[in-house]
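Here is the structure we will look at, set down as structure tokens.
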Amino acid sequence: MQNDYSTFKIPSFARKEVYNFEVGDEIFALYQELNEIAEEIEKCRLRNC
């Protein structure tokens, strides 16, 4: 029987996405600093409206 050459099959090496929701001390400090920066930007934005 003849093979079907109309479709080209490529093997997938994609990994399943894994989410890590654990927040360590370093990550928490980073989020805290980013939040402070965002609050400062918001204050400046409101002041300049």
Side-chain angles (χ1 to χ4, degrees):
M1 178 174 244
Q2 187 175 2
N3 291 334
D4 180 17
Y5 293 106
S6 63
T7 57
F8 185 71
K9 297 179 181 169
I10 301 173
S12 174
F13 297 103
R15 295 182 187 183
K16 184 178 179 182
E17 290 187 28
V18 177
Y19 299 100
N20 183 7
F21 291 108
E22 281 189 35
V23 178
D25 291 337
E26 292 178 9
I27 301 296
F28 182 74
L30 177 66
Y31 286 148
Q32 196 169 19
E33 185 174 350
L34 289 174
N35 194 32
E36 290 171 6
I37 292 170
E39 288 174 357
E40 189 173 335
I41 290 172
E42 182 68 13
K43 286 178 188 175
C44 291
R45 188 185 70 77
L46 291 174
R47 198 172 42 220
N48 291 328
C49 285

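Model, not experiment: these values are computed from the prediction. Position 1 is the first residue of the sequence, and the numbers go up from there. Heavy atoms only: backbone and side chains are in, while hydrogens, waters and symmetry mates are out.
- Contacts of Arg47 classified as salt bridge (Lys or Arg N to Asp or Glu O under 4.0 Å), with partners at least two apart in sequence or in another chain: none.
- In this structure Leu30 satisfies the side-chain contact (heavy atoms from CB on, under 4.5 Å) test together with Leu34, sequence neighbours excluded.
- Counting heavy atoms of neighbouring residues, nucleotides and ligands inside a 6.0 Å radius, atom CG of Asp25 does not exceed 12 of them.
- The neighbour count for Glu42 CD, taken as heavy atoms of other residues, nucleotides or ligands under 6.0 Å away, is above 12.
- Screening residues 28-40 for salt bridge (charged side-chain N to carboxylate O under 4.0 Å, His left out) gives no qualifying pairs among residues at least two apart or on separate chains.
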